[in-house]
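Here is the structure we will look at.
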Amino acid sequence: MSKTQIYKPNEIEEKVQNYWEKNRCFEVAPDPKKEKFYCLSMFPYPSGELHMGHVRNYTIGDVISRFQRMKGKNVLQPMGWDAFGLPAENAAIENNVSPKDWTEKNIKRMKTQLKSLGFSYDWRREFKTCDQDYYKWEQWLFCELFKKGLVVREETEVNWDPVDQTVLANEQVIDGKGWRSGANVERKVISQWSFKIEDYASELLSDLDLLDGWPEQVKTMQKNWIGKSDGMEFTFGVGESSFIEVFTTRPDTIMGVTFIALSFNHPITREYAKNDNALQTWLKNNSKGSTSEISSNLTEKNGYKLKLKAIHPISKEQIEVWVSNYVLSYGFGALMGVPAHDQRDYDFAKKYKIKIKQVIENKNSTVDITKEAEVSKGTIINSEFLNGLKSEEATEKLSKFGKKKINYRLRNWGVSRQRSWGAPIPMMISKNDPQKVIPFSELNESLIGEEEPEIDGEIFIKDKDTFDTFVESSWYFARFASYKSEDKIFDDEVDYWLPVDQYVGGIEHAILHLLYSRFFCKAMSDLDLLKIREPFKKLLCQGMVLKDGSKMSKSKGNVINPKELIEEFGSDSVRMFSMFAAPPNQSLEWSNEGLKGSYKFLNKIWSLVQLFKQQEIVEGDSKESHEDLVVKLNQTIKKVSNDFETRESFNTAISSIMELINFVPEDFLKNKINNEKYCLLKQVINSCLLMLNPITPHICHELWDQINETKIEDNLWPSFDKSFLETSELEFVIQVNGKLRGSILVDVKKEKDEIISAAKKNENVKKFLSNKKLIKVIFIEKKLINFVVK
RNA sequence: GCGGAUAUGGUGGAAUUGGUAGACACGCUGGUUUUAGGUACCAGUGCCGAAAGGUGUGGGGGUUCGACUCCCUCUAUCCGCACCA
């Protein structure tokens, strides 16, 4: 073999990547004549090294982009960096470097690695979120939202490390202790900025129905997260002038209330704590551990009984009032305890020997009320004028005592972070009155740089907090589509590209990031900055990349570095295996042996083309039929197109292409073939190259070059011929009592009765039919016959 | 704890609408070629069985002529839980 005949991925890949760059193949601008397609993969946090999760994510995005380009669309695929974040601050402390330098060095390294994978990005649009050119617009947006009343100052709980005197992220709290100091973490209430995402709860929920291109599971998760509940508010009097408001989804159980529970931050709790040392101590002892929902759910329910009685709004009975750690500080921060019909209330009542009063009876229920709560609905008992009513009827009758209300579980989005490596919050806060604030947009520009300017005789302090990094990732999709805009946040280009047609990213972002981006899109639309209400038309959530069944991590020592594999096998093999090993939405088990398999397949294609190039055309019998191969080719194109476009099932697409290659008869690969065979073989090879092109673009570009006059980039996705999808004979499966007993080949033109009688004559089938009574024959078109016998 | 998902050979996975379970690969076994082989090619490969056949999709139950697929129930694993990104 001569030198050019050996597959050398690294040489080819560099050459082809240079071609793309030189010819600006992926730089795009709005083109009204073409259908646009905006494909976005979640941009990475520049941690330093590209890992397999990135490779998988970006390969999926690139495959979709290249496929859509081959379908003739004007495809935008950008890339950038989510550059603010905690790891940079940690690295800065550990290595004595600036977070900025650390981040930029990482970006440089990761960009080289991304480029080596041959992704079809329009690199002109690249930005990093730590660029002032980016976050100045975020600050501007914050001021606009503030003006619109969508930003509020709220009291929020944070994790406080009493030794290091810092706020900790949930991740930095390990078993209730600070990760560096080891001190018991306390919960602390501080004042912070929040976006009023609650105002959009209803629309964020109802618009989920418009998102046909989103996975059901993600929509369900978002729906449950927003958590709409229909219920009623009741007011319990306390003393002469005070009262406690509660919300319940089960107003029908109102007469079963035997206690009221308050959160730590309820005004009454705070008021009592002032003069009650025991309560103060209790609050302190129960304020340990992280603020995360998971940890508060796992800690045991504790309570402190106040020397206070509340008045039941209907019975006017005196009700005990407790402070408890299982009451969330959101909403009213108070709940009505109905132990008989709520399991959490039940557990609390059992522990503190509070009365359990059953007011609902369900005859179909197997619940033993002495052991657990009866949570199902039923008929009202022990409830005076409500007795005998159904749960729903009682609710109607109660509306004169309570107020019907729709409640959401979704809470406002607190965005203040006490960190240095983040986008500064553009706000001045008065030194004397923290309620008095001035956004940068209202500030005389000369004062913006100052830490403590005096304005109208009052000293203001610049907010030292930075934004939650989720803020940057909530609107980056729009900035990519408007990269030239300098004097406005977005220019007109944004309306051409948006919405994102295909968004690709990890399932771990199913709730927070996607919900925040949806919120930002709606808010920006309300500011007339965008014309759309939903940012992502279609969503693909890829699964995790695992090694030996678990997530790759340094501590487990199972990290696979893509860089080394690319150097050894080439990026086409790595791309191919990451698409072949599993369907995109499932977790992927990485296997270096499997990667070699992909490498082997690419070698096989390579050799096939080399062989084809040496073919000599000779005169020969042209009456030979190649029906099978023609049908297989057309079936494959049909299946692969469907797998790419509608099923997003790239692993089976690759399998089908492999099958087609395996299907080529040996006599096509002999040195001398007739013209008919030559043309068919070329058609098969070219179709395979086109279908593989989105997945392994380098080798396809090169091999196409070797046997064609055009460039592969100038060709469209192959189409199939409907008239070649079926052979003249069909295989029918024959079952007896649902068990496979044989099969027959039948001419497509044969009638049902003929086929059945032919099936009966099958030797093996005969054996199972003899001495049996035939009860029924099931006949499924083009597929199967089932004889039901006794 | 709550919400969402997943479970099929030794391994990754396929079966698109309830209709041949195990496509396509990896691995393994045997063989051929080669100076060597971690190359290439050929054959075999769910389990039990000599075969006929039986059996088999996490466990248990159900619907159906027919169930990986639908229903009930249990178990295990993974993702998220609002300050990791």
Side-chain angles (χ1 to χ4, degrees), chain A residues 42 44-45 47 82 84-87 156 158-159 167-173 192 215-218 220-225 227 290-299 330 343-344 409-419 468-470 473 506-513 515-516 541 543-544 546 549-551 577 580-583 585-598 600-601 603-604 607 639 642-643 646-647 649 651-652 654-659 662 731-740 742-743 767 775-778 780 783-789:
Chain A
M42 291 180 186
Y45 176 77
S47 56
D82 191 11
F84 280 131
L86 210 45
T156 325
V158 293
N159 302 307
V167 174
L168 297 178
N170 283 335
E171 196 194 42
Q172 299 171 310
V173 181
Q192 308 201 83
E216 273 319 306
Q217 53 156 315
V218 174
T220 309
M221 281 192 262
Q222 293 224 345
K223 192 179 157 196
N224 293 334
W225 184 263
S290 153
T291 57
S292 71
E293 190 187 316
I294 180 163
S295 72
S296 56
N297 265 331
L298 294 177
T299 46
Y330 300 93
Q343 193 56 45
R344 289 158 308 176
R409 205 187 75 101
L410 181 70
R411 312 189 308 239
N412 278 342
W413 172 19
V415 289
S416 296
R417 296 290 180 271
Q418 296 68 46
R419 317 215 181 282
D468 177 3
T469 55
F470 271 124
S473 55
I507 183 73
E508 65 273 19
H509 294 293
I511 296 175
L512 292 180
H513 163 62
L515 195 65
Y516 293 153
C541 287
M544 315 274 297
L546 310 176
S550 52
K551 206 169 162 173
F577 182 67
F580 179 62
N585 56 0
Q586 275 177 39
S587 62
L588 181 153
E589 172 69 30
W590 188 266
S591 149
N592 282 349
E593 293 302 320
L595 171 66
K596 278 183 207 163
S598 296
K600 239 167 83 180
F601 174 75
N603 266 294
K604 195 172 172 177
S607 314
K639 180 173 165 34
N642 185 40
D643 280 355
T646 56
R647 291 212 315 151
S649 175
N651 55 328
T652 54
I654 295 170
S655 298
S656 305
I657 299 168
M658 286 174 166
E659 268 187 72
N662 292 342
E731 190 186 31
F732 270 80
V733 163
I734 313 166
Q735 297 182 336
V736 180
N737 283 346
K739 284 190 178 159
L740 177 68
S743 69
K767 216 164 73 189
I775 299 167
K776 204 171 167 185
V777 180
I778 312 273
I780 307 295
K783 268 200 181 120
L784 161 149
I785 303 149
N786 185 13
F787 296 109
V788 184
V789 297

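Naming: A, B, ... by sequence-line order, numbering from 1 per chain. Values below: every heavy atom of this structure, side chains too, minus hydrogens, waters and symmetry copies. This structure is a prediction, so every number in the text was calculated from the model and none was measured.
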Can you list the stems that include RNA chain B, where a stem is three or more consecutive Watson-Crick or G-U pairs with distances under 3.5 Å?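 Paired runs of 3+ in RNA chain B: B:1-7 with B:75-81, B:10-12 with B:24-26, B:27-32 with B:40-45, B:46-48 with B:53-55, B:58-62 with B:70-74.
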Any N or O donor-acceptor pair linking the side chain of [X] to the base of [N] at under 3.5 Å?
X	N	result
A:E589	B:rC26	no
A:N297	B:rG1	yes
A:K639	B:rU16	yes
A:N170	B:rC83	no
A:Q418	B:rC83	yes

By nearest-nucleotide position on RNA chain B, the 5'-leaning member of A:E216 and A:N786 is A:E216
Within this structure, what is the CD1-to-C1' distance between A:I778 and B:rU20, rounded to whole angstrom?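 Interatomic distance, CD1 of A:I778 to C1' of B:rU20: 16 Å.
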Rounded to whole Å, NZ of A:K596 lies from C1' of B:rA25 at a distance of 15 Å
Candidate list A:S295, A:S290, A:S292, test side-chain hydrogen bond (donor to acceptor under 3.5 Å, both in side chains), partner A:N170, passing option: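 Checked A:S295, A:S290, A:S292 against A:N170; only one passes side-chain hydrogen bond (donor to acceptor under 3.5 Å, both in side chains): A:S290.
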Distance check, P atoms only: B:rC24 and B:rU35, in whole angstrom units.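 One P to the other, the span is 34 Å.
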Provide the distance between the two P atoms, one in B:rG27 and one in B:rU11, to the nearest whole Å.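 That atom pair is separated by 15 Å.
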Heavy atoms only, 4.0 Å cut-off, all strands: where does [X] land among base, sugar-phosphate and nothing?
X	result
A:V167	base
A:R419	base
A:A510	nothing

Among [options], which nucleotide has an atom closest to any side-chain atom of [X]?
X	options	value
A:P583	B:rG4, B:rA85, B:rG13	B:rG13
A:M658	B:rG4, B:rC24, B:rA82	B:rC24
A:R411	B:rA14, B:rA82, B:rC65	B:rA82
A:A582	B:rA82, B:rG1, B:rG13	B:rG13
A:L740	B:rC83, B:rA85, B:rA21	B:rA21
A:Q217	B:rA5, B:rA14, B:rA40	B:rA5

Would you classify B:rG9 as syn or anti? Syn applies when the glycosidic angle is within 90° of 0.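 Base orientation: syn.
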Does a side-chain N or O of A:N662 approach OP1 or OP2 of B:rA25 to a distance below 4.0 Å, or not?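 It does, given that an N or O in the side chain of A:N662 lies less than 4.0 Å from OP1 or OP2 of B:rA25.
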Summarise how protein sits on nucleotides 49-58 of chain B as a single string, 5' to 3': B when a protein heavy atom is under 4.0 Å from the base, S for sugar-phosphate-only contact, - for no contact. ---SSSS---
Report the relative orientation of the aromatic rings in A:H513 and A:F470; use parallel for angles under 30°, tilted for 30 to 60°, perpendicular for over 60°. parallel
